[in-house]
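Report on one structure; see the data block that follows.
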Amino acid sequence: MSEKPTKHTKVLIIGSGPAGYTAAVYAARAMLKPILVYGSEPGGQLTTTTDVENYPGFAKAIQGPWLMEQMKEQAHAVGTEMIEDHISSVNLKSKPFEAIGDGGQKYTADSIIISTGAQARWLNLKSEQEFRGFGVSACATCDGFFFKDKEVAVVGGGNAAVEEAMFLTKFASKVKLIHRRDKLRAEKLLQTKLMENKKIEIIWDSVVEEVIGDDNPKNVKGIKIKNVKTNEIIEMNLDGVFIAIGHDPATQLFKDQLKMDNEGYLVTKSDSTETNVPGVFAAGDVKDKVFRQAVTAAGMGCMAALEAEKHLSHN
């Protein structure tokens, strides 16, 4: 089999989603002729989100997959070369940077923008996946609004779970925090606030066994939970379930080459998207574990493209 010719670009964008597509729009408009490599599920986490009401510019709710399709088409229209491939290895030790795709395609680049995102961790129950976007969510800031005066559960025991539970009390009439242990991992100050909140009930030593709901229209009706100490199973009526057991950034590829924090998120310079390797930038959820919003990811994509352009003009 003859080897595929190497593709060279000034800017290689790895990963799609709001960060990658926005970076592509800015890089293409700066005449940098970027190549964007997207995996088998282009569009990132937004493609599993149904109604999006908080992306600026749309008075009515829009669909997450539609928004990603529009961003992709926009990036393509201004001159981004889009390639479906899975990058399996990178070499950031020397310039030009190198990336190799699964099928052996080699890419070389003068700068790289990483927007590989993150995935919410799920409980991996069949019923949970069935109702994703129909009452099961991994983002309270995205979906809390839809549960006004309804009862919801949050699954988890760390800072994220406690913060989600507190946030949801603005909308929900009752929030049940379900934790598999008998104490929380969250910071003490957060725990105190949680305990003082009359709307929150903590259910200790328990795991979710099943999400129960209707099919037509599709919506969550309740959950079955099991007490891990007594094995007793109870059913509770609920309108929504928020899974808050953490996120995993997609950074395996860059291990030992880029600086990461203890959770594997890429570390960038202050007020910048530049990593510890000059010419390599990171945007979106791959580096952001605080906001995790489409609009902040898009903003970082813009920053990364502008910083890449500046880097290229100086070098």
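Because the structure is predicted, anything quoted here is derived from the model rather than measured.
Linking Ile, Leu, Val, Met, Phe, Trp and Tyr residues whenever their side-chain heavy atoms come within less than 4.5 Å places Met260 and Leu253 in a single cluster. Residues Val286 and Tyr21 fall into different hydrophobic clusters, defined by Ile, Leu, Val, Met, Phe, Trp and Tyr side chains chained together at heavy-atom separations under 4.5 Å. Hydrophobic clustering (ILVMFWY, side-chain heavy atoms < 4.5 Å, transitive): Met68 and Ile13 are in one cluster. No single ILVMFWY cluster, assembled from side-chain heavy atoms under 4.5 Å apart, contains both Val152 and Leu123. In this structure, Ile35 is not a member of the same hydrophobic cluster as Met82, with clusters built from ILVMFWY side-chain heavy atoms closer than 4.5 Å.
Here the OG1 atom belonging to Thr251 is positioned 12.0 Å from the CD atom belonging to Gln257, to the nearest 0.5 angstrom. Atoms CG and CD1, from Leu168 and Ile200 in turn, are 8.5 Å apart once rounded to the nearest 0.5 Å. Note that CG of Leu258 and CG of Leu266 are 5.5 Å apart. Values are rounded to the nearest 0.5 Å. The line from CD of Gln74 to OG1 of Thr80 is 9.5 Å long, rounded to the nearest 0.5 Å. Remark: Phe97 CZ to Leu12 CG distance equals 10.5 Å, nearest 0.5 Å. Note that OG1 of Thr275 and NZ of Lys259 are 10.5 Å apart. Values are rounded to the nearest 0.5 Å.
Remark: Glu163 pairs with no residue by the salt bridge (charged side-chain N to carboxylate O under 4.0 Å, His left out) rule, at least two apart or across chains. Every residue two or more places apart in sequence or in another chain was checked for a salt bridge (charged side-chain N to carboxylate O under 4.0 Å, His left out) with Lys193, and none qualifies. When the side-chain contact (heavy atoms from CB on, under 4.5 Å) test is applied to Lys33, no partner is found at least two apart in sequence or on another chain. Residues passing the side-chain contact (heavy atoms from CB on, under 4.5 Å) test with Glu196 are Thr192, sequence neighbours excluded. Partners of Lys310 according to the side-chain contact (heavy atoms from CB on, under 4.5 Å) rule, which considers only residues two or more places apart in sequence or in another chain, are His314.
When atom types are taken as modelled, the side chain of Glu309 and the backbone of Ala30 share no donor-acceptor pair closer than 3.5 angstrom. With hydrogens and angles disregarded, a donor-acceptor distance shorter than 3.5 Å links the side chain of Asp261 to the backbone of Tyr265. Judged by distance alone, the side chain of Gln191 and the main-chain N or O of Ala186 form a donor-acceptor pair under 3.5 Å. Thr47 places no side-chain N or O within donor-acceptor distance of the main-chain N or O of Gly43, the cut-off being under 3.5 Å. Panel note: side chain Asp214, backbone Pro217; no donor-acceptor pair is recorded below 3.5 Å. No side-chain donor-acceptor contact under 3.5 Å links Glu201 to the backbone of Lys174. Between the Asn91 side chain and the Glu98 main chain, no donor and acceptor come within less than 3.5 Å of each other. A donor-acceptor pair is defined here as one N or O able to donate and one able to accept, closer than 3.5 Å; no such pair exists between the side chain of Asp285 and the backbone of Ala297. Of the possible polar contacts, one joining the Asn197 side chain to the Lys199 backbone as a donor-acceptor pair under 3.5 Å is found. For Asp288 (side chain) and Gly284 (main-chain N/O), no donor-acceptor pair under 3.5 Å exists by modelled atom type.
Counting only residues at least two apart or on different chains, the side-chain hydrogen bond (donor to acceptor under 3.5 Å, both in side chains) pairs with a member in residues 62-71 are Asp51-Gln63. Counting only residues at least two apart or on different chains, no salt bridge (charged side-chain N to carboxylate O under 4.0 Å, His left out) pair has a member in residues 14-30.
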Side chains of residues 99-121: which donor-acceptor pairs under 3.5 Å do they make with residues two or more places apart or in other chains?
residue: Asp102; atom: OD2; partner: His86; partner atom: ND1; Å: 3.4
residue: Gln105; atom: NE2; partner: Pro5; partner atom: O; Å: 3.0
residue: Tyr107; atom: OH; partner: Asp85; partner atom: OD2; Å: 2.7
residue: Thr108; atom: OG1; partner: His8; partner atom: ND1; Å: 2.7
residue: Asp110; atom: OD2; partner: His8; partner atom: NE2; Å: 3.4
residue: Ser111; atom: OG; partner: Lys10; partner atom: O; Å: 2.9
residue: Ser115; atom: OG; partner: Ile14; partner atom: O; Å: 3.2
residue: Ser115; atom: OG; partner: Gly15; partner atom: O; Å: 3.0
residue: Thr116; atom: OG1; partner: Ala250; partner atom: O; Å: 2.8
residue: Arg121; atom: NE; partner: Asp248; partner atom: OD1; Å: 2.8
residue: Arg121; atom: NE; partner: Asp248; partner atom: OD2; Å: 3.1
residue: Arg121; atom: NH1; partner: Ile245; partner atom: O; Å: 3.0
residue: Arg121; atom: NH2; partner: His247; partner atom: O; Å: 3.4
residue: Arg121; atom: NH2; partner: Asp248; partner atom: OD1; Å: 2.8

Side chains of residues 203-213: which donor-acceptor partners sit under 3.5 Å, not counting sequence neighbours?
residue: Asp205; atom: OD1; partner: Asp182; partner atom: N; Å: 3.3
residue: Ser206; atom: OG; partner: Trp204; partner atom: O; Å: 2.8
residue: Glu210; atom: OE1; partner: Lys224; partner atom: NZ; Å: 3.4

Please output the side-chain donor-acceptor pairs of residues 130-147 that fall under 3.5 Å, not counting sequence neighbours, one pair per line with the distance.
residue: Glu130; atom: OE2; partner: Lys126; partner atom: NZ; Å: 3.3
residue: Arg132; atom: NH1; partner: Gln129; partner atom: OE1; Å: 2.7
residue: Arg132; atom: NH2; partner: Thr48; partner atom: OG1; Å: 3.4
residue: Ser137; atom: OG; partner: Cys139; partner atom: N; Å: 2.9
residue: Ser137; atom: OG; partner: Cys139; partner atom: O; Å: 3.3
residue: Ser137; atom: OG; partner: Asp143; partner atom: OD2; Å: 2.7
residue: Thr141; atom: OG1; partner: Gln293; partner atom: NE2; Å: 3.3

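By the 6.0 Å and 45° rule, Lys269 does not stack over the aromatic ring of Phe281.
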After noting the C-alpha distance and the side-chain angles of Glu128 and Val241, does the key distance pass the side-chain contact (heavy atoms from CB on, under 4.5 Å) rule?
CA-CA 9 Å; Glu128 163 202 56; Val241 185; over 6 Å; no

Does Leu67 form a side-chain contact (heavy atoms from CB on, under 4.5 Å) with Leu46? I'd like the steps, not just the answer.
CA-CA 8 Å; Leu67 180 62; Leu46 265 194; 3.8 Å; yes

Show your reasoning for whether salt bridge (Lys or Arg N to Asp or Glu O under 4.0 Å) applies to Lys226 and Glu232.
CA-CA 6 Å; Lys226 180 172 97 174; Glu232 184 196 1; over 6 Å; no

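Met300 forms part of a hydrophobic cluster together with Met303, judged by ILVMFWY side-chain heavy-atom separations under 4.5 Å. If you chain together ILVMFWY residues whose side-chain heavy atoms come under 4.5 Å of each other, Phe291 ends up grouped with Val290.
In Tyr26, the OH atom is not crowded: 12 or fewer heavy atoms of neighbouring residues, nucleotides or ligands sit closer than 6.0 Å. Residue His76 qualifies as open at atom NE2: its count of foreign heavy atoms under 6.0 Å is 12 or below. Within a 6.0 Å sphere centred on CE of Met195, other residues, nucleotides and ligands contribute more than 12 heavy atoms. When the shell of 6.0 Å around NZ of Lys170 is examined, it contains 12 or fewer heavy atoms from other residues, nucleotides or ligands. Atom CD of Glu53 has more than 12 neighbouring heavy atoms from other residues, nucleotides or ligands inside a 6.0 Å radius. Applying the 6.0 Å contact sphere to NZ of Lys188 captures no more than 12 heavy atoms from other residues, nucleotides or ligands. For Asn231, the CG atom is densely surrounded, since the number of other residues' heavy atoms within 6.0 Å is greater than 12.
Side-chain contact of Asn237 with Glu151: a donor-acceptor pair under 3.5 Å is absent, judged by distance alone. Between the side chains of Ser272 and Glu307, at least one donor N or O lies within less than 3.5 Å of an accepting N or O.
Contact check for Val280 versus Glu274: no side-chain heavy atoms found under the 4.5 Å cut-off.
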